[in-house]
Amino acid sequence: MKLSQTLYYGDFVAAPAAIVAVSTAALAGGSAYDAGLWLAALAGGFALWTLIEYAVHAWVYHRLPWFEQGHAAHHDDPVALIGAPSFLLVGGLLLIGYALYPIAGAAFCAGLSSGLLAGYLGYMTIHHMSHHARPGRLLAAARARHMAHHYRGGTTNFGVTTAFWDHVFQTASGPGARPARV
Ligand SMILES: [Zn+2]
Ligand SMILES: [Zn+2]
């Protein structure tokens with residue numbers, strides 16, 4: 001759906017703010033063990049995000065009719081400020097991150113949530129820059145991959161942050177081919 005500037009750019013503030021809030025709350029006065037657990041869960045959360053990103057884009061946005069319609073608006077007008085209602089996403093990722101709270105505890109859940117949110121922030125940044133800027137060498141490959149996703153009618157390259165899951169599910173394509181349809 002089309003978002004206001006506040007909602008669209010709000011995630012760039014809300015996600016880091018949530019990371020700082022949950023992590024400082026969980027780690028304040030905590031032990032070195034808690035800090036290690038937080039760090040390991042952070043890495044796990046980031047990895048989990050990349051799979052969520054792939055799954056939602058490939059199997060929800062490009063498969064399920066109602067979501068397909070909404071996502072088609074982004075494919076039709078890639079520079080419009082379109083996305084999922086943004087603060088909902090930050091809230092949803094916190095819910096996933098804290099789902100295991102009764103057995104895993106605060107440090108683990110804060111780390112997992114922070115990893116998920118950092119992944120989401122990375123995705124938002126790379127995706128935004130792919131359409132709105134000419135990113136430097138660092139993001140050029142990610143941008144080329146995502147442009148191929150758009151040029152090929154959304155049939156390949158569903159991962160934005162990483163091509164890893166596209167290789168796993170054999171949906172990766174190189175950036176060189178001509179547009180199949182726009
Ligand atoms: Zn895009
Ligand atoms: Zn798409």
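Starting from 1, each residue takes its place in the sequence as its number. Counting convention: from 1, in listed order, for ligands and their atoms alike.
Inside a sphere of radius 2.8 Å centred on the Zn ion (ligand 1), the protein N/O/S atoms present are His74 NE2, His127 NE2, His131 NE2, His146 NE2, His150 NE2.
Residue Ile126 forms a side-chain contact (heavy atoms from CB on, under 4.5 Å) with just one option from Val160, Thr162, Leu138, and that option is Val160.
Of the possible polar contacts, none joining the His149 side chain to the Phe158 backbone as a donor-acceptor pair under 3.5 Å is found.
Taking the six-membered ring for Trp and the full ring otherwise, the centers of Tyr61 and His74 sit at least 6.0 Å from each other. Ring-centre distance between Trp38 and Tyr33: not below the 6.0 Å cut-off. Between His62 and His75, the ring centre distance stays below 6.0 Å.
Under the 4.5 Å side-chain criterion, counting only non-hydrogen atoms from C-beta, Trp49 is not in contact with Leu117.
Taking the Zn ion (ligand 2) as the corner point, the angle from His71 atom NE2 to His57 atom NE2 is about 90° (rounded to 10 degrees).
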